[in-house]
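Below is one structure, written out as structure tokens; comments come after it.
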Amino acid sequence: MSRPAHRRPEYHKINKDLFVLTYGALVAQLCKDYEKDEDVNKYLDKMGYGIGTRLVEDFLARSCVRRCHSYSEITDIIAQVAFKMYLGITPSVTCNNPSRTEFSLILDKNPLVEFVEELPAGRSSLCYCNLLCGIIRGALEMVHLAADVTFLQDTLKGDRVTEIGITFLKKLDEKKYRRKK
Amino acid sequence: MADAALFEFLHMEMVAELWAHHSDPGPGVSAGSRGKEARAATGQKMSLSVLEGMGFRVGQALGERLPQETLAFREELDVLKFLCKDLWVAVFQKQMDSLRTNHQGTYVLQDNSFPLLIRMASGPQYLEEAPKFLAFTCGLLRGTLSTLGIKSLVTASVASLPTCKFQVVIQKT
């Protein structure tokens, strides 16, 4: 009995490519609309924020995350569950400060840039994947966590890895923020 | 393994943002004798063509990634059947519900529960909003056809959400 059509490996890849290609087309369009890199970056972040606020519900519905007691648990879940679920990769997590409010997600491989060899000419400050920062920020805000999310390293700018920094801004109140099972 | 959900969310956000951005041509366009309505109509066309253009580029790229055996089609109808079955399944996890043709280069592809509309509503509500959610997909179809060697014009119409029809008219060179 042959596998159902949508499970054939080549179609799986098309589905994955669809998001990556659409994202590329979006960035290209924004580069046409805005001359300054900062404006494109800001716009990508804003769009990501909008997506993140909705994506978090989708995520919570699909995963069975237990209640988190610390920022580092939350960051682990973002890396090991969310990234895995939506992008098929698992970034590694490092903690950047002793009070455990600043973390980094290190991506060896970034599926979003699969078809991008280098940044377009004259766009050296473009944060190509800035949508991701907005998504994380928007999602966290929906569960009442304020955070700054930015790119610290970017392979498209010559760095060895891609590094996303998450800085949690408010203290997490244990009793208040209970996650649904 | 990018989830289909991620594409749907991105598409929704793109429609919302690009629509807002392109529907106002901006201070550069002379106000002159053009009324506000005319500007809005032009703005609408700009947004739809921007979305369609993006879909076209993505469709072209997707077409290039299709398995090799799919590229050896004998007839135009086979290509359209491929779009309805294989491409639609790969992109939307379901097949097109019906394909009709007049055998003279016009095809109507009907999807009774189009995934990009299904979250919005059922019935005659929001018919005015529907076209901007279809523009990208029209471009996608046109782009994939282009990679498969067929020049076409693709438009979409909605009578009642979430059912929509894509009309493909083959352009003879």
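Order of the sequence lines fixes the chain letters, A, B, ..., with proteins taken first and strands second; residue numbering starts at 1 for each chain.
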Hey, is [atom1] on [X] packed in by over 12 heavy atoms from elsewhere, all under 6.0 Å?
X: A:K157; atom1: NZ; result: yes
X: B:K132; atom1: NZ; result: yes
X: A:E57; atom1: CD; result: no
X: B:Q171; atom1: CD; result: yes

Spell out, yes or no, whether [X] and [Y] are grouped together once hydrophobic residues are joined by side-chain heavy atoms under 4.5 Å, including indirect joins.
X: B:F56; Y: A:F19; answer: no
X: A:V143; Y: B:F9; answer: yes
X: B:L99; Y: B:I170; answer: yes
X: A:V149; Y: A:F168; answer: yes
X: A:L126; Y: A:Y43; answer: yes

Specify the closest pair of heavy atoms between [X] and [Y], including all atoms of both residues, with the distance to one decimal.
X: B:V58; Y: A:L21; value: CG2-O, 3.7 Å
X: B:V91; Y: A:L18; value: CG1-CD2, 3.5 Å
X: B:M12; Y: A:R54; value: SD-NE, 4.1 Å
X: B:A5; Y: A:R62; value: CB-NH2, 3.4 Å
X: B:L6; Y: A:Y86; value: CD2-O, 3.5 Å
X: B:R57; Y: A:K32; value: NH1-NZ, 4.2 Å

What's the spacing between [X] [atom1] and [Y] [atom2] if we round to 0.5 Å?
X: A:F115; Y: B:R65; atom1: CZ; atom2: CZ; result: 4.0 Å
X: A:D17; Y: B:E64; atom1: CG; atom2: CD; result: 11.0 Å
X: A:K46; Y: B:E17; atom1: NZ; atom2: CD; result: 4.0 Å
X: B:L10; Y: A:Y23; atom1: CG; atom2: OH; result: 8.5 Å

**Q.** Side chain to side chain, B:V50 and A:D33, heavy atoms closer than 4.5 Å
**A.** no

Q: May I ask you to name which of A:I135, A:L131, A:L26 has the most heavy-atom pairs under 4.5 Å with chain B?
A: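 Between A:I135, A:L131, A:L26, the count favours A:L26.
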
Q: Specify which of A:T22, A:L30, A:D58 makes the most heavy-atom pairs with chain B at under 4.5 Å.
A: A:T22

